[in-house]
Amino acid sequence: MDAAACAALDRDHSPVFAQTSSYARLIDGEGCVLLCEQGTRLVGVAALANGVDAAELLNLVVEPSMRRQGCAFALLRHACVWARDQERSLILLEIRASNIAARLLYEQSGFRVDGVRARYYLDTKSGLREDAILMSKDLTGELKHDDTDT
């Protein structure tokens with residue numbers, strides 16, 4: 001797995017992107033990086049950290065030309081499987097309040113809104129701040145990895 005390729009996709013298509021070193025640490029065992037590929041081209045990536053009590057979805061980014069084709073949903077489903085395999089009963093994430101498409105994806109996947117971090121994100125171009133929506137999903141009822149492959 002190429003941490004630089006993950007970071008490049010992230011940088012090109014995400015308002016808050018991770019550095020290559022962040023992906024490298026996750027790949028080296030601090031978490032998990034899941035890929036969505038079309039042929040040999042990387043079109044989506046999900047980055048997860050393995051916390052003490054819960055897994056945290058740090059980022060999920062899909063190339064714009066591949067959106068609304070199931071890539072994000074598949075990455076999210078496999079992220080939940082990975083978290084369960086790590087014996088975590090909860091997966092956490094946060095998104096910009098303006099990211100309605102992501103919020104709908106997460107809600108359709110069983111995540112619930114837990115709260116708001118007011119003015120958490122800074123838009124470096126405008127200098128304005130935006131709220132972060134905190135979400136979580138209880139994984140205690142999720143199927144094990146072997147049961148989810150269809």
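Below, each value reflects all heavy atoms present in this structure, side chains not excepted, and no hydrogens, waters or symmetry copies.
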Does the side chain of [X] reach to within under 4.5 Å of the side chain of [Y], using non-hydrogen atoms?
X: Val62; Y: Val45; value: no
X: Leu76; Y: Leu57; value: yes
X: Ser136; Y: Ile91; value: no
X: Met135; Y: Ile95; value: yes
X: Ser109; Y: Arg77; value: no
X: Leu105; Y: Phe111; value: no
X: Arg117; Y: Leu134; value: yes

For the pair Tyr120 and Glu94, evaluate side chain to side chain contact (heavy atoms under 4.5 Å, CB included) and give the outcome as yes or no after the intermediate values. CA-CA 10 Å; Tyr120 181 74; Glu94 63 187 39; 2.9 Å; yes
Over 12 foreign heavy atoms within 6.0 Å of CZ, Arg41: yes
Within a reach of under 6.0 Å around CZ of Arg119, are more than 12 heavy atoms found that belong to other residues, nucleotides or ligands?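 Atom CZ in Arg119 is not packed in, count stays at 12 or less.
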Straight-line distance of Tyr121 OH to Asp131 CG, nearest 0.5 Å: 10.5 Å
State the SG-CD distance between Cys36 and Gln69, to the nearest 0.5 angstrom. 9.0 Å
Any link between Leu92 and Leu75 through a network of hydrophobic side chains (Ile, Leu, Val, Met, Phe, Trp, Tyr) touching at under 4.5 Å? no
Any donor-acceptor pair under 3.5 Å from [X] side chain to [Y] backbone:
X: Asn50; Y: Gly31; result: no
X: Arg103; Y: Ala97; result: no
X: Asp138; Y: Leu90; result: no
X: Arg88; Y: Gly51; result: yes

Could you pull out the closest heavy-atom pair between [X] and [Y], with the gap in Å?
X: Gly44; Y: Cys71; value: CA-SG, 4.1 Å
X: Ala79; Y: Leu34; value: N-CD1, 3.4 Å
X: Cys32; Y: Trp82; value: CB-CE2, 3.3 Å

Under the side-chain hydrogen bond (donor to acceptor under 3.5 Å, both in side chains) rule, collect the residues that match up with Glu130, sequence neighbours excluded. Arg96, Ser98
